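Because the structure is a prediction, the values reported are computed rather than measured. Naming convention: chains lettered A, B, ... in sequence-line order (proteins, then strands); numbering from 1 in each chain.
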Amino acid sequence: MSVRVRYAPSPTGLQHIGGVRTALFNYFFAKSQGGKFILRVEDTDRERYSDESLQDLYDTFNWLGIEWDEGPDKGGEYGPYVQSERFDLYKKYAQQLVDEGKAYKCYCTAERLENLRAEQQKDKKSQQGYDRHCRELTAEQQAEYEAQGIKPVIRFKVPLEGKTVFNDVILGDVKRKNKDISPDPVLLKSDGFPTYHLANIIDDHFMKISHIMRAQEWLPSGALHVLLYEAFGWEPPAYCHLPMVMGKDGQKLSKRHGSTSLRDFIAKGYLPEALINYVSLVGWSYDDSREFFEKEDLEKLFVLEKLNKAPGVFDYKKLDWFNGQYIRKLSDEDLKSKIVPYLQDAGRVNNPPTSEQENMLDGLIPIVKERLKLLSDIVPMTSFLFGDLAEYPVEDLVPKKKDTSAALDILKLGRSLIEKMTELDDEQLEEEFKALSESSSYKLGDLLSPLRVAVTGSRVSPPLFASIRLLGLDKALERIDSAMVILDK
RNA sequence: GUCUCCUUCGUCUAGUGGUUAGGACACCGGGUUUUCAUCCCGGCAACAGGGGUUCAACUCCCCUAGGAGAUGCCA
């Protein structure tokens with residue numbers, strides 16, 4: 001059997017980390033099996049639909065470098081791949097179920113349903129959900145409702161007895177008594193749009209989907225879907241419910257845990273390779289030691305057998321670590337091109353950069369590369385190079401266990417050495433400082449610290465000498481001078 | 001409330017009846033280093049609990065507890 005899997009998002013919001021992982025697993029599974037990965041847009045919720053969401057979907061996967069074999073923009077043998085364009089199909093099959101007595105029209109109003117739910121909640125009744133009010137309506141009753149102009153929904157007749165079992169690739173047999181299944185869910189809404197349950201089954205069937213890989217939050221719907229397949233007389237695909245991605249508190253990952261939309265991750269400066277690598281490792285593993293996987297590796301190595309059952313907590317710190325690792329793997333040129341937009345957005349660099357800025361950037365890359373976790377870190381890390389120095393606490397100029405006069409002394413000594421920068425390279429300059437350290441009572445660190453603060457405004461910075469060269473010796477000396485003025489007061 | 005699923009270090013995980021229970025992130029030390037970072041070395045730290053089955057259980061079975069998800073004319 002040839003593998004055909006699908007990612008079927010609903011364009012009602014931004015793509016988030018959980019959805020992306022589901023898509024990735026589907027994609028990797030398809031690739032590793034020589035199968036097809038399909039994108040299907042489930043836009044049946046016209047109230048929450050937005051064009052922006054749809055665009056975000058494309059932007060996200062473009063950024064990830066994931067391509068589908070069939071989809072709305074690509075076409076394919078089993079299209080259209082947008083559910084709103086497949087209306088006739090849903091209507092036809094819903095009607096078929098009604099004709100066969102496997103589904104029925106329901107005329108209950110939204111108000112009645114609301115009241116029902118409120119009552120059930122209040123009484124803590126074990127029976128929750130629709131009370132099957134319209135399941136056995138007579139033709140006369142139906143005609144009466146129709147005469148009132150009520151637009152019915154079509155509900156599925158869930159069997160009252162027996163049980164439904166389906167096999168999940170990860171979880172094994174999942175059993176459920178039919179009486180515990182959501183009572184007669186809506187298949188076709190009153191506006192003629194299908195619900196997820198209906199559209200999903202029909203599309204998966206006609207698109208010849210072989211495996212349904214989706215998050216475990218869908219597990220409770222599994223039995224219902226199998227029942228639906230049976231009602232149509234179709235063979236259900238294999239099920240594979242993926243463990244969910246949780247926040248730190250163990251709850252379903254959401255905005256309150258931090259950024260969850262891919263758009264946010266992109267903006268912060270995560271690399272697609274880092275994100276793909278990390279995300280693939282929550283709920284899946286390869287073996288007991290390997291942890292670096294690029295997209296191409298996963299396309300070959302991914303196997304269903306290594307999928308995990310238990311939910312996993314999304315660890316932002318580990319993602320950051322991966323990102324740092326991947327940044328360090330970038331060539332200087334690559335890193336430069338990825339960093340420039342951040343500097344431009346911050347108004348530090350022109351678009352395109354001036355030749356002077358290009359030089360500055362070239363010098364910058366080697367000294368920041370191993371210090372970046374996120375691409376966006378470049379902005380605060382290099383602010384001292386662009387424009388005026390921000391205010392810093394005067395006491396930062398004074399090394400620990402030293403006093404103001406010592407700091408002043410150091411600045412003066414250091415300044416005279418820094419001046420020689422034009423003739424010396426960094427190594428030689430460092431030797432000079434070491435010599436000074438030995439001939440004075442100052443440790444090397446104490447010697448450099450006040451200069452660092454004077455020039456960069458912070459006790460933490462990229463290597464001092466390289467920073468000064470990028471800044472320009474004149475400017476650096478000016479800053480040292482004004483630091484001495486401040487200390488002198 | 002009901003149903004379903006889940007349960008190895010703080011976190012992600014390896015493990016498939018006999019292991020000093022391994023790795024990674026985080027954290028804590030130490031080294032390299034002009035600060036920071038990188039890099040290197042070391043440390044901390046787990047089989048939810050209780051019953052079985054077995055010569056032997058993290059691994060198999062049962063129960064309990066805890067967690068999560070679902071319970072919509074949302075997906």
*Considering every strand shown, what is the Watson-Crick or G-U wobble mate of B:G42 when both distances are under 3.5 Å?*
B:C28
*A:Gln251 side chain N/O closer than 4.0 Å to the phosphate oxygens (OP1, OP2) of B:A68?*
yes
*With both distances kept under 3.5 Å, what pairs with B:A21, Watson-Crick or G-U wobble?*
none
*Span that lies between the P atom of B:U38 and that of B:A24, in whole angstrom*: 15 Å
*If you check every side-chain atom of A:Val460, which of B:A14, B:A75, B:U35 has the closest atom?*
B:U35
*To the nearest Å, give me how far apart CD (A:Glu111) and P (B:C73) are.*
13 Å
_Can you tell me which nucleotide in B:U35, B:U11, B:C5 comes closest to the side chain of A:Arg452?_
B:U35
*Which nucleotide, B:G22, B:C73, B:U2, lies nearest any side-chain atom of A:Asp288?*
B:G22
*In whole Å, what is the span from the CD atom of A:Gln120 to the C1' atom of B:C3?*
15 Å
*What nucleotide among B:U13, B:C73, B:U4 has an atom nearest to a side-chain atom of A:Ser285?*
B:U13
_Under 4.0 Å from OP1 or OP2 of B:G15: is there any side-chain N or O of A:Lys306 that close?_
yes
*asked:* Can a side-chain donor-acceptor contact be found between A:Asp249 and A:His257 if the only test is distance below 3.5 angstrom?
replied: yes
*When rounded to the nearest Å, what value does the distance between C1' atoms of B:C63 and B:C44 take?*
35 Å
*Please determine if A:Arg40 forms a cation-pi arrangement with A:Tyr7, meaning its NZ or CZ atom is less than 6.0 Å from the six-membered ring centre and no more than 45° off the ring axis.*
no
*When you compare B:G15 with B:U64, how far apart are their C1' atoms, in angstrom units rounded to a whole number?*
26 Å
*Taking CD from A:Glu291 and P from B:C12, how many angstroms apart are they, rounded to a whole number?*
15 Å
*Out of B:A70, B:A68, B:A37, whichever nucleotide has its closest atom nearest the side chain of A:Glu217*: B:A70
*Check whether any side-chain N or O of A:Arg48 sits under 4.0 Å from OP1 or OP2 of B:A75, and answer yes or no.*
no
*Taking atom P in both B:G66 and B:G49, what distance in whole Å separates the two?*
15 Å
_Candidate pair A:Thr12 and A:Asp45, rule side chain to side chain donor-acceptor pair (under 3.5 Å), full reasoning_ = CA-CA 8 Å; A:Thr12 54; A:Asp45 183 346; 5.9 Å; no
*Between A:Asn277 and A:Glu294, does a side chain to side chain donor-acceptor pair (under 3.5 Å) hold up when you go through it step by step?*
CA-CA 6 Å; A:Asn277 196 150; A:Glu294 303 224 23; over 6 Å; no
*Rounded distance in Å between the C1' positions of B:G10 and B:A48*: 16 Å
*When you measure from the side chain of A:Ala310, which nucleotide among B:C6, B:C5, B:A14 comes out closest?*
B:C6
*Given side chain to side chain donor-acceptor pair (under 3.5 Å), test A:Asp297 with A:Tyr286 step by step and report yes or no.*
CA-CA 11 Å; A:Asp297 303 321; A:Tyr286 180 67; over 6 Å; no
*Using the P atom as the reference point in each nucleotide, state the distance between B:A45 and B:U33 in Å, no decimals.*
32 Å
*From the list B:G10, B:C74, B:G69, which nucleotide is the closest neighbour of the side chain of A:Lys252?*
B:G69
_Test side-chain contact (heavy atoms from CB on, under 4.5 Å) applied to A:Ile327 and A:Val368, A:Asp377, A:Leu271, the passing residue_ = A:Leu271
*Please state the C1' separation for the pair B:G23 and B:A14 - nearest whole angstrom.*
7 Å
*Donor-acceptor pair under 3.5 Å: do we get one between A:Thr195's side chain and the base of B:C73?*
no
*Hey, is the side chain of A:Lys373 pairing donor to acceptor with the base of B:A37 inside 3.5 Å?*
no
_Can you check the distance between B:A21 and B:C62, where both ends of the measurement are the C1' atom (answer in whole Å)?_
25 Å
_Candidate nucleotides B:C25, B:A75, B:C73, ranked by approach to the side chain of A:Val153 - the nearest_ = B:C73
_Residue met sooner reading RNA chain B from 5', once A:Asp173 and A:Ser221 are mapped to nucleotides_ = A:Asp173
*Taking atom types as modelled, find out whether A:Ser458 and A:Ser461 have a side-chain donor-acceptor pair closer than 3.5 angstrom.*
no
*Would one find a side-chain N or O of A:Arg176 under 4.0 angstrom from OP1 or OP2 of B:U2?*
no
